[in-house]
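Note: hydrogens, waters and symmetry copies are ignored here, and every other heavy atom, side chains too, is used.
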Amino acid sequence: MTRGTQLAAIGTLTALALLAGSGLPATAPTVAGEPAPPAGPDTRLVAYESCHEALAGLRAAATAAVGPWGLPGGGSSVLATTTGARAAEFRTASAPEHSTTNVHEVGVDEPDLVKTDGRRIVTVSRGVLQVTDPATRQITGRLDLAEGTSPDHLRERTLLLLGDRALVLSGPARVGIRPVEGQAASRATVLTLVDLTSAPAVLGTYSIDGTLVDARQTGATARVAVRSAPRLDFRPEPRAGDAERIASNRAVIAAAGIDAWLPAYRWTAGPERHSGRVGCDRLSRPADATGNSVVTVLSFDLAAERLGDGDPASVVADAATLYGTADSLWLAGERRPGRPARPTWRAGRSEASTVLHQFDVGSAGPPRYLASGSVPGRLVNQYALSEWQGDLRVATTVDSVPGRPTSESAVYVLRRQGGTLKHVGAVTGLGRGERIHSVRFLGGTGHVVTFRQTDPLYTLDLTDPAAPRVTGDLKITGYSAYLHPLPDGRLLGVGQEADERGRTRGLQVSLFDVRDPARPVRLDRYHVPRAQSAAEFDPHAFLYHPETGLVALPVDRGIRLLRVSATGISEIGQVTHPGAGGASLDRSLLVDGTLWTVSAAGLRASDPDSGRSLAWLPST
């Protein structure tokens, strides 16, 4: 494989989701014109020339990072990907009107606990896939997916849906769990292709060493990302000193072969059994650094009869987030303080930065590597990235460091020039002493929420990429953790109310009018004391129906039904499920005018205008 081919093969990458917190009231931000950061590290993605070179780099990175108790732990991850024209080929024209999973980019599906095409509702819970007919309100199929001896509570399962096929994704519930003897499957990611034509039946499986990061589906293509930690048998002696334990761990690294880092995979198709391992020719890394984890992206055709080997492509890197549009794919990874790399930013800044890689996915074939660049600070999640008219907008928070005792946030605009992502504009100094809690880019407008004691909602004009600017801000108590666009220049924020000292006081849903960018206002709010909603940290839990203004939110152990009008928020009712202590409701969806709510206990059909129960289908 040539270097150019290898760089193309790694275009669909992923990894760790970056978290952000809070801060003090904001001072006036600095608008465009601040000098761009000087040239940073060489972030280009390059291939290894040989397995020998790969092993040397991997050993060196692990040796530099290892501590007395092993390598640093990992984190959670977010993946985003691209839209595609083929998606329309798989829509069912005769299907009743139905809602879809709330996703970042329209036309790009994300795995979730429940999917519907209007003809069937498919759920996965506690290792069981279940099919429900919404027309007859009956359960029509059930498939037990629990694997071998792996404890089911250590597995998380989500699914994707294409016509009569479902892809169930199963991975360890937490990153960094070391399985006990006889439970090796608990640290593997397992994919199951299910035929839904009649009774659900397994067509094939695929398993690979590592933690499931995330997946995206465009048309019939599903791309699945898995993060693998090196398999190194550290056995630190508790009574030894730190220096002795580190020396022992480094000896383990020095003796390890390349297979300790290269993930193995296995796949089946009916009675067929196959196995393999990601090859050195499938590995790439940033030019100036090597991480301690391998992120592998797998590609599957859900319309095929088998999953195959997934055509794996891997990157040796630690934390990253993937975001995509119809034409470009972006990899964003965190460069943390203390890693061996050249200084990135001018004196007084934190060393933490976000490194970005752009790939071309506008034509058939594997993604083609285009350019790399970097910005100061950390992302809050995938919503902090947005491509518009060829430019990438990136919202980050830079933490406080000695010499600069307050955190601050910024929005940067990057443009590809040759092989480099150049800074063409920036708005800095947002929310000094605070951190970003949510971001939403809508065309040439951006909305950024920072918080410590109050919630400044900043409105940004990004129509001129060389001169982005803050046009207005609104300070209220509490914060919005998720922002959802509504018709007619309104915005709905889901988060927490807080007192004047910044202590949270329960769920808060805010209706903002952002039609005048100089004067954003809050029209109304809905507050549930001492409560929280899963939608604050998982947008898949949020349901909005623009035709009726219905909003369904999981709140503690029920679903609150709200009606959002042009000027206010009102409560319609509440849906609950039976069970000991009340089952936690995870999701809600609409099919042909009926509201369906989903929990581990079962599904309930309800009237969306009142919350009145129409049918209860317990899980079997």
Check the pair Thr597, His577 against side-chain hydrogen bond (donor to acceptor under 3.5 Å, both in side chains), reporting the backbone distance first and the verdict last. CA-CA 9 Å; Thr597 51; His577 285 194; 2.8 Å; yes

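- With 3.5 Å as the limit, one finds no donor-acceptor pair spanning the side chains of Gln496 and Tyr479.
- At a threshold of 4.5 Å between non-hydrogen side-chain atoms, the residues Val131 and Ile139 do not count as touching.
- Between the side chains of Thr192 and Thr205, no donor-acceptor pair of N or O atoms lies under 3.5 Å.
- In terms of heavy-atom proximity, Leu196 sits nearest to Ala166 at CD1-CB, 3.9 Å.
- Proximity of Leu474 to Phe512: side-chain heavy atoms (C-beta onward) are separated by under 4.5 Å at one or more points.
- Side chain to side chain, Arg227 and Thr211 fail the donor-acceptor criterion of an N or O pair below 3.5 Å.
- Residue Arg530 places its CZ atom among 12 or fewer non-hydrogen atoms of other residues, nucleotides or ligands, all under 6.0 Å distant.
- With hydrogens and angles left out, the side-chain atoms of Thr594 and Asp592 include no donor and acceptor closer than 3.5 Å.
- Using a 3.5 Å distance cut-off with no hydrogens or angles, the side chains of Glu497 and Thr477 do pair a donor with an acceptor.
- Proximity of Ile121 to Val114: side-chain heavy atoms (C-beta onward) are separated by under 4.5 Å at one or more points.
- Looking at Tyr482 and Asn381, their side chains never bring a donor and an acceptor atom within 3.5 Å of each other.
- The closest side-chain donor-acceptor pair between His527 and Gln508, if any, does not fall under 3.5 angstrom.
- Using modelled atom types and a 3.5 Å distance limit, the side chains of Arg522 and Ser510 yield a donor-acceptor pair.
- Between the side chains of Arg378 and Thr354, no donor N or O sits under 3.5 Å from an acceptor N or O.
- Annotation: Phe300 is in aromatic contact with Tyr206 [ring centroid separation under 6.0 Å].
- Put simply, the side chain of Leu212 reaches to within 4.5 Å of the side chain of Val224, judged on heavy atoms.
- Checked against the 6.0 Å centroid criterion, the rings of Tyr544 and His484 qualify as a close aromatic pair.
- Under the 3.5 Å distance criterion, with hydrogens and angles disregarded, a donor-acceptor pair is assigned to the side chains of Arg393 and Ser386.
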Run the numbers on Ser409 and Arg435 for side-chain hydrogen bond (donor to acceptor under 3.5 Å, both in side chains), then give the verdict. CA-CA 7 Å; Ser409 299; Arg435 295 182 180 179; over 6 Å; no

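- The side-chain heavy atoms of Trp388 and Phe441, taken from C-beta on, include no pair separated by under 4.5 Å.
- The shortest non-hydrogen separation linking Ser228 to Gly210 is OG-CA, 3.8 Å.
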Step-by-step salt bridge (Lys or Arg N to Asp or Glu O under 4.0 Å) determination, Arg587 to Asp538: CA-CA 11 Å; Arg587 296 292 187 268; Asp538 183 358; 2.8 Å; yes

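- Thr101 and His540 share no side-chain donor-acceptor pair at under 3.5 Å.
- Taking both residues in full, the closest heavy atoms of Asp109 and Val103 are given as OD1-CG1, 4.2 Å, listed atom of the first, atom of the second, then distance.
- Between Arg120 and Asp117, at least one side-chain nitrogen of the basic residue sits less than 4.0 Å from a carboxylate oxygen of the acidic one, meeting the salt-bridge criterion.
- In this structure, the side chain of Ser565 engages the main chain of Gly568 through a donor-acceptor pair within 3.5 Å.
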